[in-house]
Amino acid sequence: MREYLLTLCITAAVTYLLTGPVRKFAIVAGAMPEIRARDVHREPTPRLGGIAMFFGLCAGLLVADHLTNLNEVFAKSNEPRALLSGAALIWLIGVLDDKFEIDALIKLGGQMIAAGVMVMQGLTILWLPIPGVGNVALTQWQGTLLTVALVVITINAVNFVDGLDGLAAGMVCIAAGSFFLYAYRIWYSYGIEAAAPGTLFAAILMGMCLGFLPHNMHPARIFMGDSGSMLIGLVLSAGAISITGQVDPDALALFTGSEKAAVHQTVPVYIPLLLPLTIIAVPAADLVLAIVRRTWRGQSPFAADRGHLHHRLLEIGHSHSRAVWIMYFWSALIGFGALAYSVNSASMWIVLGVVFLSAVGLVLLLLPRFTPRVPLWAQRFVPPRYRRRRPVPGAVVDPAAAPEVTESEERSPVAAGVSGVNGATAIGARSRLTERR
């Protein structure tokens, strides 16, 4: 555990220290695109934050290679090298997209090539644990197609959710935390060495996100861009592939009695990891809804819009920070809920706890819809948004005297390079939010 924590801290430190110089480089290089219709920030903000995250990944792998226990991961498995090769390719494509805005189909092709590079070096799904059946071996083509599909889905799910300050990095960090605990339990409790690479990938991924978050929280000074969102999506999918397709349930059968029992014990996390429905449940749901919504309108699935889940939270009335924290809450509830269920699926308290927290999450989600009438004597004990406004005696309010604000003036972008552009991304008052396009 200490070596994993050391790797995490080194990765986070390198990412944090490099993000500042990378921000200055992005400004000089002109990687500050103008405000688009779907954006919620009001000033041009530099991208290319994925550069710092990639060097944090390299630093984490380099440190782990020189540690006593983690060095065996590099000696017995080729998966870290496969991850580094695929990450370098997807990172390069992301950097080019952050600077030159390459076509979506080209990015999709690059994602498939990066996944293919990892498959060629051994990071692939070899078998699937299916409940009631046991261990099902896959052919080479089946494993390759399934691996490429999982990588592409995870990358695009993380990329789609990257719409608010600190949202993608925080959600992936939460997912990596729950995944790390699950993989470490398999590696340490059961002594299965095949789970060590996935545990290492999760620790490094947490370090990348934690090191970048201080620069990316609202108001963000720098965005990770596609170079960062696609990178962390690939690392997350690599850990899922390493655990789901490399750990043999026959090894777990020694502890549970039979192969079917071993598969049944790990199903609560194995199958959801394969379909990414628990670890990245919220991004995956956003991805599916976006594809259905755009296809229904006759648009391309890659066409950008303002219909994502975080956009809807802003339209309901949540502030920028509250919308991010609500997304964090649901990610943590689903990820750690599945983790707790996989540890003890027979406990009713876990199910009741998840149900109770889900109810709390729904109340928080719909909180702006509730505007209770607060008595005058309780005005001082509630937030200002619930207090009644007392009219000023003698004051006459003329609605016609207020200047009209057109939509073009309301969303007028700030040109890059103007004085005062510091990366702030406040969206202004709630009443000034525009309708979805």
**Request:** Could you name each residue pair satisfying ring-ring contact (aromatic ring centres under 6.0 Å, His included) that touches residues 43-70, not counting sequence neighbours?
**Result:** F54-W91

**Item:** Heavy-atom check, side chain of M208 versus side chain of L231, under 4.5 Å
**Value:** yes

**Asked** Out of curiosity, I93 CD1 to K107 NZ, how far, rounded to the nearest 0.5 Å?
**Response** 10.0 Å

**Prompt:** Y328 vs W325 aromatic rings, parallel, tilted or perpendicular, using cut-offs 30° and 60°?
**Reply:** perpendicular

**Prompt:** Is T124 close to M118 at the side-chain level, that is, under 4.5 Å between some pair of heavy atoms?
**Reply:** no

**Rounded distance (nearest 0.5 Å) linking atom CZ of F223 with atom CZ of F212** = 9.0 Å

**Message:** Is it the case that the side chain of R81 and the backbone of F74 share a donor-acceptor pair, with hydrogens and angles ignored and the cut-off at 3.5 Å?
**Reply:** yes

**Prompt:** Just wondering, do H215 and R23 contact through their side chains at under 4.5 Å, heavy atoms?
**Reply:** no

**Within 6.0 Å of CE in M217, more than 12 heavy atoms from elsewhere** = yes

**Item:** pair Q111-V151: side-chain heavy atoms closer than 4.5 Å
**Value:** no

**Request:** Please tell me if the side chains of N71 and D65 come closer than 4.5 Å, counting only heavy atoms from C-beta onward.
**Result:** yes

**Asked** From I204 CD1 over to I232 CD1, what is the distance, rounded to the nearest 0.5 angstrom?
**Response** 14.5 Å

**Asked** When rounded to the nearest 0.5 angstrom, what is the spacing between OG1 in T147 and CG in L126?
**Response** 8.0 Å

**Prompt:** Does N216 reach the main-chain N or O of G166 with its side chain, forming a donor-acceptor pair under 3.5 Å?
**Reply:** yes

**Prompt:** Side chain of D98, backbone of G225: donor and acceptor closer than 3.5 Å?
**Reply:** no

**Complete:** Rounded to the nearest 0.5 angstrom, the CG-CG distance for L205 and L210 is 9.5 Å

**Prompt:** How about V172 and V235: do any of their side-chain heavy atoms sit closer than 4.5 Å?
**Reply:** no

**Prompt:** Out of curiosity, T7 OG1 to L70 CG, how far, rounded to the nearest 0.5 Å?
**Reply:** 5.0 Å

**Request:** Quick one: do L8 and F180 satisfy side chain to side chain contact (heavy atoms under 4.5 Å, CB included)? Show the steps, please.
**Result:** CA-CA 11 Å; L8 187 154; F180 172 80; over 6 Å; no

**Message:** Restricting to side chain to side chain contact (heavy atoms under 4.5 Å, CB included), what partner residues turn up for N69, sequence neighbours left out?
**Reply:** E3

**Prompt:** Hey, is the main chain of L150 close enough, under 3.5 Å, to the side chain of S237 for a donor-acceptor pair?
**Reply:** no

**Asked** Sub-3.5 Å donor-acceptor pair from the side chain of N156 to the main-chain atoms of V152, do we have one?
**Response** yes

Quick one: side chains of residues 14-22, donor-acceptor pairs under 3.5 Å with protein atoms, not counting sequence neighbours, listed by atom name and distance.
from	atom 1	to	atom 2	distance (Å)
T15	OG1	T11	O	2.8
T19	OG1	T15	O	2.5

**Item:** Heavy-atom check, side chain of L234 versus side chain of T154, under 4.5 Å
**Value:** no

